[in-house]
Amino acid sequence: MFSRILIANRGEIALRIIRAAKEMGIETVAVYSEADAGAAYLDVADDKVCIGPGPAASSYLNIAAIIAAAEVANVDAIHPGYGFLAENAHFNEVCRSCKIEFIGPSVEAMQLLGDKVACKQLAVKQKVPTFPGSKGKIDSEEKALKIAEEIGYPVIVKAAAGGGGRGMRVAHNDIALQSGLHSAISEAESAFGDGTVYIEKFLERARHIEVQVIGDKHGNSAHLFERDCTLQRRHQKLIEEAPCPVIDQSERDKLCKAAARLIKAAKYHGAATVEFLLDPKSKQFYLLEVNTRVQVEHPVTEMITGVDIVKTMIEVSAGEPLPFKQDDISIKGHAIECRINAEDPDRNFAPQPGTLDQFAAPGGLGVRMDTHAYAGYRIPPNYDSMIAKLIVYAGDREKARLRMQRALSEFRVSPIATTIPLHRRLLNHSAVVNNDTDIHFVERLLDA
Ligand code: ADP
């Protein structure tokens, strides 16, 4: 087992990883930017190293600074968390060449699954359902129009290297497809340095369902069932839950087994999430993409399966076999997570940096708070606006929903505006209560 690891991240996920490592008897080294200096969570680590000024490009994305910190602090491994360098194959490779274990997949598996065209081709081979569309990349208007004629409008043009919703264009007719193709290519070129795009059928009303999977270096892997992350705004998830409330046991079985097959075929070790869109009418699901890292919403899976995902990531990365078999994993109860963002829903979700004078978090039976915030904490303007994840667990979905309402009603944050009122409103909405939602539901509600 490792004796010392560095966490190449910040905020709640840095604290989450420090906690897991501590429980395993592993020393931790936190890195921080000047904008995060003084944050209390840094003192929970055994050691901390400043890696540069506030802007992420100069600190949390600064590979040279992070590797230098790892060398000086003499760590065995680096946990990248999510975001920043977590899906950066070059960083993964630099760690490997410096003989520092990257707590995540191999460089090769990361590259394979990170290329959406290659990932989709592997999925087709493994009989994992994918959207109808182009078999590979699209490089001409003629090819694009031909595919659209075959699969029918609407279609979506997507970047192979895509991320954060960039390089995507939806088209409802030939003219929109012709212009969408060119703008998607140039957006992908400037965002990712790779203008490769492909085309697939666009599903108008979809739910977002994703499967947590994990594998070791000995060829063992398992899935930890699914999460439903349908409540989103501008592709950002707001509320996640597990299990998915709209599929039955046989649909669940098909979905989770498909995800597990894909991961096995990629010879994957570490934690990954296989994301799908579900057509709520036909109950057909289609592969969206694979995220090769721990996800923000991993706690809901931990609550219903009892598996510590971060601890298991560290174990398999150190070469230990997966500590459970597929048959050992079952679903118990229901969990919901609300992402509490320092954003003002009344001002188009403008981020709200500044000092939290009051931060009184809820507690009680079945309530888990994953946060680095506290009364007196100063939210820097440089990063993501998520300041806490409130997770509840109960025997079934309705009990969990009521528990979340209770917990949200206790939560006191001031003077910073947060998404707490929006969560309370959403969880009271009849469409959410009755699962009659899709990934554009929140936007329609806010527009109305
Ligand atoms: P990124 O890596 O940029 O996040 P994804 O492939 O995950 O790209 O797609 C981002 C979002 O775009 C999805 O969450 C979904 O809302 C929408 N989307 C992508 N493909 C489709 C599709 N075929 N039909 C409907 N919506 C889609």
Side-chain angles (χ1 to χ4, degrees), residues 82-83 86-89 110-124 128-135 137-138 144 147-148 150-172 176-177 180 183-185 187-211 226-240 244 259 262 272-282 284-293 295-297 339 384 437-444:
Y82 53 69
E87 290 180 282
N88 185 315
M110 183 180 266
Q111 280 167 336
L112 172 65
L113 297 174
D115 177 332
K116 293 185 184 188
V117 171
C119 178
K120 195 168 172 178
Q121 284 166 346
L122 182 67
V124 170
V128 175
T130 57
F131 280 108
S134 55
K135 301 261 177 315
K137 70 173 194 172
I138 290 286
I147 292 286
E150 278 165 31
I151 62 176
Y153 286 105
V155 300
I156 182 167
V157 183
K158 297 172 75 170
R166 282 168 304 174
M168 289 195 310
R169 292 291 182 279
V170 178
H172 286 82
L177 178 57
S183 59
I185 290 174
E187 192 172 302
E189 261 163 11
S190 64
F192 315 113
D194 175 1
T196 308
V197 298
Y198 63 106
I199 291 179
E200 63 188 24
K201 181 83 185 169
F202 181 73
L203 185 60
E204 304 259 17
R205 279 182 76 100
R207 290 184 74 93
H208 176 111
I209 319 272
E210 58 184 35
V211 181
E226 81 287 354
R227 299 182 281 260
D228 187 316
C229 314
T230 298
L231 294 174
Q232 312 182 349
R233 180 184 162 270
R234 298 203 178 148
H235 305 315
Q236 295 299 315
K237 295 162 188 166
L238 289 168
I239 298 180
E240 305 100 341
C244 167
L262 184 59
T273 298
V274 185
E275 298 192 326
F276 297 93
L277 289 182
L278 178 85
D279 182 342
K281 277 212 196 93
S282 67
Q284 251 314 311
F285 56 89
Y286 307 92
L287 177 72
L288 200 51
E289 64 167 337
V290 179
N291 289 323
T292 56
R293 55 171 161 83
Q295 304 256 114
V296 173
E297 58 272 25
R339 296 191 188 192
D384 188 89
T437 53
D438 61 76
I439 50 178
H440 303 296
F441 168 78
V442 177
E443 279 151 22
R444 285 196 304 271

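Counting from 1, the numbers follow the sequence of the chain as shown. Counting starts at 1 for both ligands and their atoms, following the listed order.
- Proximity of a side-chain donor or acceptor of Thr230 to a complementary backbone N or O of His208 within less than 3.5 Å is detected.
- Near Ile439, meaning under 4.0 Å from any of its heavy atoms, are these atoms of ligand 1: 15 (C), 16 (O).
- Atom numbering of ligand 1 starts at 1 in the shown order; those under 4.0 Å from a heavy atom of Leu277 are 21 (C), 22 (C), 24 (N), 25 (C), 26 (N), 27 (C).
- Glu187 has no carboxylate O lying under 4.0 Å from a charged side-chain N of Arg166, or vice versa, which leaves the two without a salt bridge.
- Here the protein heavy atom with the shortest distance to atom 23 (N) of ligand 1 is Lys201 O, 2.8 Å.
- Residues Ser183 and Arg169 form a side-chain contact, since some pair of their non-hydrogen atoms from C-beta on lies under 4.5 Å apart.
- Between Glu289 and Lys120 there is no salt bridge, since none of the side-chain N atoms of the basic residue sits less than 4.0 Å from a carboxylate O of the acidic one.
- Of the N or O atoms in Ile156, none lie within a sub-3.5 Å distance of an N or O in ligand 1.
- Atom CZ of residue Phe202 and atom CD1 of residue Ile151 lie 12.0 Å apart, to the nearest 0.5 angstrom.
- Gln232 and Arg234 are not linked by any side-chain donor-acceptor pair at a separation below 3.5 angstrom, with hydrogens and angles left out of the test.
- No N or O atom of Phe131 sits closer than 3.5 Å to an N or O atom of ligand 1.
- Note: an N/O pair closer than 3.5 Å links Lys116 and ligand 1 by distance alone.
- Checked by distance only, ligand 1 and Glu200 come closer than 3.5 Å through their nitrogen or oxygen atoms.
- In this structure, Glu204 falls outside the shell of residues with a heavy atom less than 4.0 angstrom from ligand 1.
- Judged by distance alone, the side chains of Arg227 and Thr273 do bring a donor and an acceptor atom under 3.5 Å apart.
- Between Glu150 and Lys135, no side-chain nitrogen of the basic residue sits less than 4.0 Å from a carboxylate oxygen of the acidic one, so the salt-bridge criterion is not met.
- Distances shorter than 4.0 angstrom occur between a heavy atom of Gly162 and an atom of ligand 1.
- Within the 4.0 Å heavy-atom cutoff, Lys158 counts among the residues contacting ligand 1.
- Listed by atom number, the atoms of ligand 1 under 4.0 Å from Glu289 heavy atoms are 1 (P), 2 (O), 4 (O), 5 (P), 7 (O).
- Considering both main-chain and side-chain atoms, Met168 never comes within under 3.5 Å of ligand 1 through any nitrogen or oxygen pair.
- The line from CG of Asp279 to CZ of Arg205 is 10.5 Å long, rounded to the nearest 0.5 Å.
- For the pair His440 and ligand 1, the shortest N or O to N or O distance does not fall below 3.5 Å.
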